[in-house]
Amino acid sequence: MKKLLLSLVLMIAGLVVMAQENGSVAIQGEMVREKSNLCFLKNSESIVIPKADLLQLLGEEVYGSYYNGQKLYRIGDGLKNGGWVAFGVGLGAGVFGMELLMNEGSEHVSGGGLFLLMTGVWSFVVGNMMIPTGYILRGVGSGKISRIAEGYNQQGRNTAVSYRLLPSVMRCHTMPEQANLGVGMTFSVNF
């Protein structure tokens, strides 16, 4: 029994070591998502699949879903980056406008402090709305593209072994009046 448990622990440790950050063991020729593109992994090098080949590999309906996911990813990326720029410009313009308003009575400072302050506030607010919207759209797009890659890998001869190692909490009854929690790990393997 001890040898069986030890071999099971060693096998699980080996799977954990072999895993990549996405939780799958990369097999040569496996389709993966890199940013908004689908690529094939060959000898630990990713090769972007041309659009004409993708249409032939995936079919028209799945390719349409890929195209929509790619568009969502790119729009989300643009919104996120633009939001960070608007956030920074708004912060800078707001601080500079506030400084001008405080020194408005000085003879060297002309008007425009209120304009800069309001521009900064609006830019700050717009940037704060664009950033989470961009992250959400980017996540939806990357999820669509990742599901297409997983579906292709499960469908073809190049399948991926995925696993999940998660913490779990269980209720344990040691005494009738007392309920304790037990902490463990849940391990599942999909072929």
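From a predicted model like this one, the values you see are computed outputs, not experimental measurements.
Between the side chain of Ser123 and the main chain of Gly120, no donor-acceptor pair closer than 3.5 Å is present. Counting only distance, with no hydrogens or angles, the side chain of Gln70 and the backbone of Ser36 share a donor-acceptor pair below 3.5 Å. Put simply, the side chain of Arg33 gets close to the backbone of Lys35: a donor and an acceptor are under 3.5 Å apart. Between the side chain of Thr133 and the backbone N or O of Met129 there is at least one donor-acceptor pair closer than 3.5 Å.
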If you apply the rule side-chain contact (heavy atoms from CB on, under 4.5 Å), what do you find for Cys39 with Ile47, and how did you get there? CA-CA 5 Å; Cys39 304; Ile47 301 166; 5.8 Å; no
Show, in sequence, the C-alpha distance, side-chain angles and deciding distance for Tyr66 and Asn37, and conclude whether the side-chain contact (heavy atoms from CB on, under 4.5 Å) test is met. CA-CA 9 Å; Tyr66 162 72; Asn37 295 318; 4.0 Å; yes
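The line from CG of Leu38 to OH of Tyr63 is 10.0 Å long, rounded to the nearest 0.5 Å. For the atom pair Leu72 CG and Lys144 NZ, the distance stands at 5.5 Å (nearest 0.5 Å). One finds the OH atom of Tyr152 at 9.5 Å from the CG atom of Leu54 (value rounded to the nearest 0.5 Å). With rounding to the nearest 0.5 Å, the separation of CE in Met98 from CG in Leu114 is 10.0 Å. In this structure, CH2 on Trp84 lies 8.0 Å from CG on Asn128, to the nearest 0.5 angstrom. Note: Ile136 CD1 to Arg138 CZ = 13.0 Å, rounded to the nearest 0.5 Å.
A salt bridge links Lys80 with Asp77: at least one charged nitrogen is closer than 4.0 Å to a carboxylate oxygen.
Note on Ile148: it clusters hydrophobically with Leu57, by side-chain heavy-atom contacts below 4.5 Å among ILVMFWY residues. Put simply, Val89 and Leu91 are part of two different groups of oily side chains (I, L, V, M, F, W, Y) that touch within less than 4.5 Å, one to the next. Phe124 and Leu117 sit in two unconnected hydrophobic clusters of ILVMFWY residues. Membership requires side-chain heavy atoms under 4.5 Å apart, directly or through other members. Hydrophobic clustering places Met118 together with Met102 (ILVMFWY residues linked when any side-chain heavy atoms are closer than 4.5 Å, directly or through intermediates). Both Leu55 and Ile49 sit in one connected hydrophobic cluster of ILVMFWY residues. Membership requires side-chain heavy atoms under 4.5 Å apart, directly or through other members.
Across all non-hydrogen atoms, the minimal contact from Gly127 to Ala86 is CA-CB, 3.8 Å. Nearest heavy atoms, Gly83 versus Ile131: C-CG1, 3.6 Å.
For the side chain to side chain contact (heavy atoms under 4.5 Å, CB included) criterion with Met130, the lone passing option out of Asn81, Val125, Leu79 is Leu79.
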